[in-house]
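Positions are given from 1 along the sequence. Just so you know, ligand 1 is whichever comes first in the structure, and atom 1 is the first atom listed for that ligand. Keep in mind that what you see is a predicted model, and the values were worked out from it rather than measured.
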Amino acid sequence: MIGKSYIAPKYAFGFGQSRWGYKTAEDIEGVVKGYRDNRIPLDMVYMDIDYMQDYKDFTVNPERFPDFGQFVQQMKAKNIHLIPIIDAGVKIEEGYDIYEEGVEKGYFCKRADGSDFVAAVWPGWTHFPDVLNPDARAWFGGKYKVLTDLGIDGFWNDMNEPAIFYSEEGIRALNQAIADYVKAPDGGADDDGAEDIMNNANAIPWEVRSCIEHLQNSPEDYRRFYHNVNGQRVRHDLVHNLYGFNMTRAAGEALQAIAPDRKMLLFSRSSYIGMHRYGGIWTGDNQSWWSHILLNLKMMPSLNMCGFLYTGADLGGFGSDTTRDLLLRWLALGVFTPLMRNHAALGTREQECYQFEHIEDFRHVIGVRYRLIPYLYSEYVKAAERDEMYFRPLGFDYPGDRRAVETEDQLMLGNEVMIAPVYTQNVSGRTVYLPEEMKFVKFMPDGSIYEEVLEQGTHYVEVALCEVPLFVRKDRCIPVVDAAQSVDAIDLGTVRYIGYDGAEYELVE
Ligand code: MIG
């Protein structure tokens with residue numbers, strides 16, 4: 001009913017490193033060197049907002065990236081795809097072509113009086129492209145070509161709720177609240193608002209504080225602007241969740257037109273049912289908390305049920321400082337999520353895998369991902385083509401088994417596998433429920449694969465920090481290859497099958 005799923009390129013099943021804070025070509029080269037020198041596999045480095053010139057969409061800062069086209073090729077030669085971020089807001093700046101074209105063609109969201117709506121985001125004052133208008137959508141999507149022409153073949157769309165720091169109206173309301181306060185009998189006498197508040201012994205009054213708190217993503221702002229949908233004016237708040245959907249649709253449709261025979265990576269932060277036809281989704285700003293590993297696990301089948309198959313969380317956690325054990329356990333879940341990306345916020349501790357002790361553990365865990373990519377990509381493509389789920393709750397496969405139905409910290413993956421990641425700190429393993437006999441498989445740090453048949457029921461399984469566990473269902477098997485440094489370097493000639501003898505597996509690419 002909601003349409004077929006977008007299919008990501010195979011390279012997008014490789015491991016990606018990201019961080020809000022990489023600014024220059026040297027920063028990115030340093031990350032690639034850190035991975036390659038330590039022989040930790042890597043296929044993608046994400047470029048967060050600082051690659052742009054003053055946060056202007058579809059620009060690249062020429063001082064930070066003196067020859068970006070050449071840099072993209074240099075990275076490609078190392079099997080690294082650069083994945084730039086694209087934000088929703090278009091900077092208001094004379095001489096900036098996208099701003100000028102958008103104004104001239106009337107492609108930005110408008111206020112009730114017909115003027116272009118103004119909101120502040122990273123670039124300062126911006127306009128929002130009216131991606132619900134088919135013409136504006138085609139126009140904005142076409143801009144991705146600026147970067148694909150330079151060799152870029154993947155994007156992440158951000159701030160497309162659209163996120164708003166504050167609007168002109170919001171700032172005016174704040175000024176008014178301050179003015180009202182200083183004019184009030186118990187306030188100061190002069191009208192030098194902010195200074196008056198600072199000199200006042202009393203706390204900033206609630207009216208002013210509430211105004212400040214409501215500046216960001218305010219429902220009032222979302223009622224202040226309109227879309228033009230085939231000539232009909234639609235108020236934004238009524239279609240709020242369709243904005244990110246249509247921004248990503250703009251990109252998806254354009255990328256298909258730009259390179260009809262080539263798959264590109266595309267995922268979004270905001271979305272709505274149906275957007276899965278154009279791209280994937282990541283789960284946004286999580287925290288470096290143990291509870292968020294479990295949250296990651298629980299979100300996967302929900303998103304799959306909505307059609308989003310290419311999905312994953314910020315591994316290691318976005319906000320707050322991660323720890324070595326948290327990152328390793330989280331990566332051991334990330335081994336199975338289509339999007340496997342380590343991402344962290346500005347100001348948090350450095351979180352790249354080579355920043356920690358015993359780098360070999362990270363090399364091993366990410367290496368297991370590469371050993372499984374032929375299987376994982378095959379199950380992913382099958383799910384997309386057959387309109388099925390890649391991750392399922394146990395109850396979908398064992399509906400008659402109440403214990404299975406109530407198990408929410410394990411998932412079925414594809415047709416052969418069950419996963420049960422460790423998501424608590426300071427443990428040497430975890431309890432697992434097996435709805436039927438299965439083969440317990442552990443990828444050991446020395447490269448060997450441990451296999452043990454476990455009967456139906458409850459088991460405590462030992463899983464060390466550097467081991468990756470999975471379960472193969474009875475009478476089934478999965479392909480495993482040797483680890484590789486990038487998806488391109490995977491050698492299918494090394495394939496062997498683990499699980500139950502005599503079982504067959506259909507490998508799809
Ligand atoms: O206001 O681009 O969710 O992944 O690193 C924050 C900076 C904007 C939010 C995204 C996050 C990204 C960050 N962005």
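The existence of a salt bridge linking Asp153 and Arg262 is confirmed by a sub-4.0 Å separation between a basic side-chain nitrogen and an acidic carboxylate oxygen. A salt bridge between Arg235 and Asp237 is present, with a side-chain N of the basic residue lying under 4.0 Å from a carboxylate O of the acidic one.
Residue, atom and distance of the protein heavy atom nearest to atom 7 (C) of ligand 1 are Asp48 OD1, 3.2 Å. At the shortest separation from atom 14 (N) of ligand 1 among protein heavy atoms lies Asp158 OD2, 2.7 Å. Closest to atom 3 (O) of ligand 1, if we only count protein heavy atoms, is Asp285 OD1, 2.4 Å. Remark: minimum distance from atom 4 (O) of ligand 1 to any protein heavy atom is reached at His343 NE2, 2.9 Å.
With a 4.0 Å heavy-atom cut-off, ligand 1 is reached by the side chain of Ile85 but not by its N, CA, C or O. Contacts between Trp156 and ligand 1 below 4.0 angstrom, taking non-hydrogen atoms only, involve the side chain exclusively. Of the heavy atoms in Tyr46, none comes closer than 4.0 Å to ligand 1.
If you run ring-ring contact (aromatic ring centres under 6.0 Å, His included) between Trp282 and each of Phe308, Tyr310, Phe267, only Phe267 comes through.
Polar contact with ligand 1: absent for Trp282 (N/O pair, distance under 3.5 Å).
Using modelled atom types and a 3.5 Å distance limit, the side chains of Asn157 and Ser268 yield no donor-acceptor pair.
Which parts of ligand 1 touch Ile49 is read off a 4.0 Å heavy-atom cut-off, strictly below it: atoms 2 (O). Taking every heavy atom of Met159 and a limit of under 4.0 angstrom, the matching atoms of ligand 1 come to 1 (O), 8 (C).
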